[in-house]
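Read through the structure below, which is laid out as structure tokens, and then see the notes.
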Amino acid sequence: MNLIVVDEKEVDLTYIMLKKEAESGGYFLNPDPEFTKNLVRGLMKNEKRYGYRACPCRLASGKKDEDLDIICPCNYRDPDLNDFGACYCALYVNEAVAGGKKQSEPVPERRPPRSERGKKRPMPTGSAFPASTLAFPVWRCTVCGYLCAREQPPEICPVCKAKKERFERFI
Ligand code: SF4
């Protein structure tokens with residue numbers, strides 16, 4: 001078996017960077033540094049294994065297109081933070097959990113079965129802004145829901161730092 005080893009200094013640096021990034025977007029990492037660094041280690045191992053940071057608590061396929069929804073931060077983080085106070089792995093927690101005022105709850109798997117993945121929800125009909133009247137297309141970050149109207153989505157989501165590939169055409 002091929003054992004993947006990551007440099008512990010890099011783990012520390014990545015942890016600090018993720019913490020900074022999270023806080024600049026209004027998110028929080030789990031306040032337990034050892035637990036959190038272990039997840040960061042898992043992310044870094046997956047990055048070496050697959051070339052992207054697949055969720056350390058889920059089985060990735062190794063095909064980026066199929067795993068886009070579980071590249072960290074995954075598409076399910078925000079609803080899980082709302083409903084349970086933590087993401088599925090508990091790498092990210094809400095403010096109350098981060099501040100020790102609440103405990104996070106167990107988080108059930110929200111990822112749909114393979115056959116249901118990637119299906120778009122239909123747009124409501126009779127929109128006040130029909131696509132044909134807009135000067136620019138509107139792009140939506142599938143991780144945090146950030147919307148922007150421009151020719152192309154941004155390289156990095158300014159809120160959650162997800163990459164361009166995580167945007168979908170919204171209108
Ligand atoms: S945000 Fe999603 S991908 Fe990242 S650690 Fe949490 S559950 Fe896993």
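Other cluster members for F167: V6, V11, Y15, I16, L18, Y27, L29, F35, L39, V40, L43, M44, L81, L91, Y92, W139, Y146, V159, joined by side-chain heavy-atom distances under 4.5 Å among Ile, Leu, Val, Met, Phe, Trp and Tyr. The hydrophobic cluster of M17 has no other members, since no ILVMFWY side-chain heavy atom comes under 4.5 Å of it. Its side chain within the 4.5 Å cluster rule, F28 clusters with V93, V97 among the Ile, Leu, Val, Met, Phe, Trp and Tyr residues.
Within the structure, the ring-ring contact (aromatic ring centres under 6.0 Å, His included) test picks out the following pairs touching residues 40-66 (sequence neighbours left out): Y50-Y52. Evaluation of the salt bridge (Lys or Arg N to Asp or Glu O under 4.0 Å) test over residues 148-161, restricted to residues two or more places apart or in two chains, returns E155-K164. Sorted by first and then second residue, the disulfide (SG to SG under 2.5 Å) pairs with a member in residues 139-171 form an empty list; sequence neighbours excluded. Pairs of residues two or more places apart, or lying in two chains, never qualify as disulfide (SG to SG under 2.5 Å) while including a residue from residues 7-54. Sorted pairs that involve residues 94-119 and meet ring-ring contact (aromatic ring centres under 6.0 Å, His included), not counting sequence neighbours, are lacking altogether.
Looking at every heavy atom in both residues, A60 comes nearest to D67 through CB-OD2, 3.4 Å. Contact record, R49 with N46: NH1-OD1, 2.7 Å, taken as the closest heavy-atom pair. Taking every heavy atom of both residues into account, V107 and C87 meet most closely at CG2-O, 3.6 Å.
Between C55 and C89, the gamma sulfurs sit at a distance of 2.5 angstrom or greater.
Applying the side chain to side chain contact (heavy atoms under 4.5 Å, CB included) test to D7 and every residue at least two apart in sequence or in another chain returns K9, E10. Partners of K63 according to the side chain to side chain contact (heavy atoms under 4.5 Å, CB included) rule, which considers only residues two or more places apart in sequence or in another chain, are S61, E66. Residues passing the side-chain hydrogen bond (donor to acceptor under 3.5 Å, both in side chains) test with E95: none are found, sequence neighbours excluded. Annotation: side chain to side chain contact (heavy atoms under 4.5 Å, CB included) contacts of K20 (sequence neighbours excluded): none.
Interatomic distance, D80 CG to N82 CG, rounded to the nearest 0.5 Å: 9.0 Å. Atom CG in L68 sits 11.5 Å away from atom CZ in R117 (nearest 0.5 Å). Distance check: N30 CG to S104 OG gives 7.0 Å after rounding to the nearest 0.5 Å. Atom NZ of residue K37 and atom CG of residue D12 lie 4.0 Å apart, to the nearest 0.5 angstrom. Distance check: I71 CD1 to R53 CZ gives 11.0 Å after rounding to the nearest 0.5 Å.
Environment of NZ in K163: sparse, with no more than 12 heavy atoms of neighbouring residues, nucleotides or ligands closer than 6.0 Å. In the displayed structure, E8 atom CD is contacted under 6.0 Å by more than 12 heavy atoms of other residues, nucleotides or ligands.
The closest side-chain heavy-atom distance from Q152 to F136 is not below 4.5 Å. With contacts defined as side-chain heavy-atom distances shorter than 4.5 Å, the pair E165/K64 qualifies.
Formation of a donor-acceptor pair under 3.5 Å by the R58 side chain with backbone atoms of Y88 is not found in this model.
The residue from R166, R114, R111 that alone fulfils the salt bridge (Lys or Arg N to Asp or Glu O under 4.0 Å) condition with D69 is R111.
Side-chain atoms of N75 and R110 include no donor-acceptor pair closer than 3.5 Å.
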